[in-house]
Student: 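My questions will all concern the structure given below.
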There are 2 protein chains.
Amino acid sequence: MSSQYTFTGQFTFSIDSKNRINIPAPLRKQFSVKDKKTFVITRGIDQCAWIYPINEWEIIQTELKQLSSLSKTNRVFLRNHLRHANIIKFDSQGRFVLPQSLVDYTTIKKDVTIIGVLNKIEIWNPNLLRKVDQSDEVDDQSYEQLSERVNI
Amino acid sequence: MSSQYTFTGQFTFSIDSKNRINIPAPLRKQFSVKDKKTFVITRGIDQCAWIYPINEWEIIQTELKQLSSLSKTNRVFLRNHLRHANIIKFDSQGRFVLPQSLVDYTTIKKDVTIIGVLNKIEIWNPNLLRKVDQSDEVDDQSYEQLSERVNI
DNA sequence: TAACATAAGTGGTTAATAGTGGGTTAAAAT
DNA sequence: ATTTTAACCCACTATTAACCACTTATGTTA
């Protein structure tokens, strides 16, 4: 079964003196009643933070369990993906506290860019994202290959 | 299954001080009852905006969900496609608000050209479209290639 | 074809929501 | 016991969305 979440869009918000970040209303509205206010935040593979609604996270965990720890890649990935996973709630204003370890990892200072990517939400330092945009130009060949699989 | 939408025609409308654009009645009438008033607007490949009825977008989304974020190409592709996608409703007058990021991207000032292209609607700055019309003359060879796939 | 009726396009005002900032109290950690 | 952290509450401002109103175009009927 595929995800019930379809986060999209980009937003520029700010982090306050208490490390609180607001979740953009269009994204917040998608949190189901059951998962209300609860989600998991962890390190992204890129230098950003990933937010999953709690029941999405449970699906991810099921998939992660399939990975054998005999592979070094798997071990490293699992370790880094799980050790920084925090269960978080947002307050009555729709904000959450970004854990210090993720403030450091993402190098977020004042401004925050928030991007909806289907079943997860990415939290970026805007300056860093700009750099990534420039350097991560995916070569045409990769896109050509993708185009054979995705028809948009 | 092919699309239920067959948007056609060109219209010249205007954007108002609140960045509202009217959807031409002939196009608006095609929005089904279920999708009433809801659609997705995003960056086109050219310097225009693309509008998809929400259920057209869901077809695209289903394909995007197949892509694993463990692949870097996929991550960049997903992020860059989804970050500019806005879920939008039009008001009781049949207008919608063009997000600021797309106002910038399309360089739309006052006049707006709206074109129906089968399953999507394109939103252009008329001046820009004129330039593209002149420079984008498709060479004969490309048409030859197309002819192998499309029978018109 | 003239008059009327209806729909379409445009403009503005008001009410509701969203984003941000800060303070107070309760819980937790040192 | 003291300091730090986290939850909760209140408040202000800016933005957005809902509502109302007017003008122009289109179409219909006498």
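Throughout, protein chains are lettered first and strands after them, A, B, ... in sequence-line order, and every chain is numbered starting at 1.
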Student: Whole Å only: how far is the CZ atom of Phe13(A) from the C1' atom of dT17(C)?
Tutor: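 The answer, rounded to whole Å, is 12 Å.
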Student: Send over the distance from Ile23(A) CD1 to dT20(C) P, rounded to a whole Å.
Tutor: 13 Å
Student: Quick one: are the ring centres of Tyr52(B) and Tyr5(B) less than 6.0 Å apart?
Tutor: no
Student: Regarding Asn125(B) and Tyr105(B), is there a side-chain donor-to-acceptor distance under 3.5 Å anywhere?
Tutor: no
Student: Please evaluate the base of dG19(C) for a donor-acceptor partner in the side chain of Arg20(A) within a cut-off of under 3.5 Å?
Tutor: no
Student: Rounded to whole Å, please give me the gap between NZ in Lys89(B) and P in dT16(D).
Tutor: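 In whole Å, dT16(D) P and Lys89(B) NZ are 17 Å from each other.
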Student: Can you tell me how far P of dG23(C) sits from CG of Asp16(A), to the nearest Å?
Tutor: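 That distance rounds to 12 Å.
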Student: Would you mind classifying the nucleic acid contact of Asn22(A) as base, sugar-phosphate or nothing, using non-hydrogen atoms under 4.0 angstrom?
Tutor: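 The residue Asn22(A) makes base contact.
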Student: Using a 4.5 Å cut-off on heavy atoms from C-beta on, say whether the side chain of Ile41(A) contacts that of His84(A).
Tutor: no
Student: Lys37(B) vs Ser92(B), test: side-chain hydrogen bond (donor to acceptor under 3.5 Å, both in side chains). Steps then yes/no.
Tutor: CA-CA 9 Å; Lys37(B) 302 186 174 182; Ser92(B) 49; over 6 Å; no
Student: Establish, with yes or no, whether the OP1 or OP2 oxygen of dG21(C) is under 4.0 angstrom from a side-chain nitrogen or oxygen of Ser17(A).
Tutor: no
Student: Please evaluate the base of dG19(C) for a donor-acceptor partner in the side chain of Arg28(A) within a cut-off of under 3.5 Å?
Tutor: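 Such a pair does not exist between side chain and base.
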Student: Verify the contact: side-chain N or O of Lys29(A) to OP1 or OP2 of dT17(C), cut-off strictly under 4.0 Å; return yes or no.
Tutor: no
Student: Can you work out whether Val97(A) or Ser92(A) has the more 5'-proximal nearest nucleotide on DNA chain D?
Tutor: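 Closest to the 5' end, via its nearest nucleotide, is Val97(A).
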Student: To the nearest Å, how far apart are Phe90(B) CZ and dA8(C) P?
Tutor: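 Those two atoms, CZ and P, are 12 Å apart.
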Student: Please report the distance, rounded to the nearest Å, between CG in Leu27(A) and C1' in dA18(C).
Tutor: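 About 13 Å, once rounded to whole Å.
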Student: Can you tell me the distance, in whole Å, between the CD1 atom of Ile21(B) and the P atom of dA8(C)?
Tutor: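 Answer to the nearest Å: 19 Å.
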Student: Would you indicate what Lys18(B) reaches in the nucleic acid, counting non-hydrogen atoms under 4.0 angstrom: base, sugar-phosphate, or nothing?
Tutor: base
Student: Rounded to whole angstroms, how far apart are CD1 on Ile15(B) and P on dG11(C)?
Tutor: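 So the two atoms are 11 Å apart, to the nearest Å.
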Student: Pick the nucleotide of DNA chain C nearest each of Asp91(B) and Pro26(B); which residue has the one closer to the 5' end?
Tutor: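 Looking at DNA chain C, the more 5' nearest nucleotide goes with Pro26(B).
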Student: Out of Val40(A), Ile45(A), Asn119(A), Ile121(A), which residue meets the side-chain contact (heavy atoms from CB on, under 4.5 Å) rule with Trp50(A)?
Tutor: Ile45(A)
Student: Output the single nucleotide from dA8(C), dA18(C), dG21(C) whose closest atom is nearest the side chain of Ala25(A).
Tutor: dA18(C)
Student: Select one nucleotide: of dG19(C), dG11(C), dG21(C), the one nearest the side-chain heavy atoms of Arg95(A).
Tutor: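 So the nucleotide nearest the side chain must be dG21(C).
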